[in-house]
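First comes the structure, then the notes that go with it.
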Amino acid sequence: MKTSTLFSSLSALGVNFYAGVPDSLLQNAINHIETHYGDRHWVMPNEGCAVAAAAGHALATGRVPCVYMQNSGLGNAVNPLASLTNPAVYAIPMVLLIGWRGEPSVSGEPTVSDEPQHAFQGQVTEEMLRVMEIPYLVVSAGMTDIEFTVQFAFLAAHLKQGKSVALLFRKGSLDKTPAPERHNPYPMGREQALGHILARLGPRDIVISSTGKISRELFELREQAGQGHEKDFLTVGSMGHCSSIALAVAAEKPGRRVVCIDGDGALLMHMGVMAMIGARKPANFLHIVLDNAAHETVGGAPTVSEAVDFCVVAKGCGYVTAADIQNPEGIGEFFEELPPKGPHFLRIRVALGAREDLGRPTRTPLENKADFMGFLG
């Protein structure tokens, strides 16, 4: 289906405001939005925020907004969809664009090519929409423009009843749309930064890494060094929650350093945990954020991290130290000067991009969990 057909149908409804969290299956749609809508496009910290912002737009203008997300983000969106925009509450209609990761095959099994963290989510996505009484249309690669236009017209009729509606996109549903040019000025790559961090960790240090390419690169760096993976917990799903996992591990293992390696998009998604870290004051906690100002794993759409002084936030929340660097020398100096008691915060600004041959972890999440718990003892 043509991407232009989708947006012609949305424009016919008066949609001119888009908010969401990027997804790789929606990359062509997001490229179109980013190119054509400028300030009417908000890349939000999490999907619940996106629904709330869309509701505010609808209240202020009377127009139908559009919210996009990966199906994993439905969990973040359930609260405002059920308790704010639902017809039984404020009846604020909106169109949801949802990338269907882990979609079941014809046999009902999850797609073989997808990652394990998406398997269950993919199986329950339709049921979640049905339970929330959100009418939806599945958009597939074989759907013609005419078929979509006709079916979407029937779906959109629900908007007049104050209901939200959803378009559930299978992989490859939309034709290719060029991405806007994206770049940042930082010279050090994320994988290079990870290498410098690992070189400065002790044999008993514990690592919790964030969703996406950070965990993939960490896994490959261990492979290249001939090391095992027991020291690292790879948070392959539940974006934004690796710092909460790390905080609890640090509380239970006070005699060992816990290093949380976060991403800017993930930190922004649930940044309130920084207040909890500062309040709990775990002396053995090191929070590192690899910040490229983008949701790179799912297409590269920008985050708002460039507008945030994370170090001021960290200090305000109660972290003992906070530093902002963008070169390898700075990483070495930070570790050399690190006081014994934390929590500590380090923001490392890194370039966009990753190796084209970057692989994925070859050990399953269950194997990772077993190895990791064995290392923790």
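FYI, the numbering just counts along the sequence from 1.
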With a 4.5 Å limit on heavy-atom distance, are the side chains of [X] and [Y] in contact?
X	Y	value
Q27	D23	no
F345	V320	no
H287	L267	yes
F285	V249	no
I33	Y68	yes
R63	V15	no
W100	V138	yes
L96	Y136	no

Donor + acceptor pair across side chains of [X], [Y] (<3.5 Å):
X	Y	result
T125	N71	yes
S24	R101	yes
N28	T3	no
H229	E367	no

Charged N to carboxylate O under 4.0 angstrom, [X] versus [Y]?
X	Y	answer
K231	D205	no
E220	R355	yes
R363	E223	no
E34	R182	yes

From [atom1] ([X]) to [atom2] ([Y]), nearest 0.5 Å:
X	Y	atom1	atom2	value
Y186	L290	OH	CG	13.5 Å
C317	M276	SG	CE	12.0 Å
L97	L6	CG	CG	6.0 Å
L201	I261	CG	CD1	7.0 Å
E296	N184	CD	CG	9.0 Å
I214	L194	CD1	CG	6.5 Å

Around [X], counting heavy atoms of other residues, nucleotides and ligands shown, do more than 12 lie under 6.0 Å from its [atom1]?
X	atom1	answer
R130	CZ	yes
Q161	CD	yes
R200	CZ	yes
Q227	CD	yes
D39	CG	no
I146	CD1	no

What closest approach, in Å, do [X] and [Y] show between heavy atoms, and which atom pair accounts for it?
X	Y	value
L247	P282	CD1-CG, 3.7 Å
H295	V21	CE1-CG1, 4.4 Å
A250	N284	O-ND2, 3.1 Å
G99	L26	N-CD1, 3.7 Å
T35	P178	OG1-O, 4.4 Å
V89	S83	CG1-O, 3.4 Å

Answer with yes or no whether the hydrophobic clustering places V51 together with L129; edges join I, L, V, M, F, W, Y residues whose side-chain heavy atoms lie under 4.5 Å apart. yes
Answer yes if M128 and V67 sit in the same cluster of Ile, Leu, Val, Met, Phe, Trp and Tyr residues linked by side chain heavy atoms under 4.5 Å apart, and no otherwise. yes
Test ring pair (Phe, Tyr, Trp, His ring centres under 6.0 Å) applied to H270 and H241, step by step: CA-CA 7 Å; H270 297 295; H241 291 301; 4.3 Å; yes
Describe, in one word, how the ring planes of W42 and F17 are oriented to each other, choosing from parallel (under 30°), tilted (30 to 60°) and perpendicular (over 60°). perpendicular
Could you tell me whether a side-chain N or O of [X] sits under 3.5 Å from a main-chain N or O of [Y], the two making a donor and an acceptor?
X	Y	value
S173	V139	yes
D262	I288	no
R190	V350	no
H344	P339	yes
E230	F372	no
R216	L358	yes
S210	C242	no
K253	L376	yes
R347	D264	no
H36	H32	yes

Decide yes or no on side chain to side chain contact (heavy atoms under 4.5 Å, CB included) for M143 and Q151, but give the supporting numbers first. CA-CA 10 Å; M143 180 175 280; Q151 294 183 51; 4.0 Å; yes
Evaluation steps, side chain to side chain contact (heavy atoms under 4.5 Å, CB included), between I98 and L74: CA-CA 9 Å; I98 304 172; L74 268 175; 4.2 Å; yes
Stepwise side chain to side chain contact (heavy atoms under 4.5 Å, CB included) test for E103 and Q123: CA-CA 6 Å; E103 59 173 285; Q123 293 179 56; over 6 Å; no
Take N76 and M69 through the side chain to side chain contact (heavy atoms under 4.5 Å, CB included) test and state the conclusion after the steps. CA-CA 10 Å; N76 286 332; M69 66 185 76; over 6 Å; no
Measure from NZ or CZ of R256 to the centre of the six-membered ring of F375, then state whether that distance is under 6.0 Å and the direction lies within 45° of the axis. yes
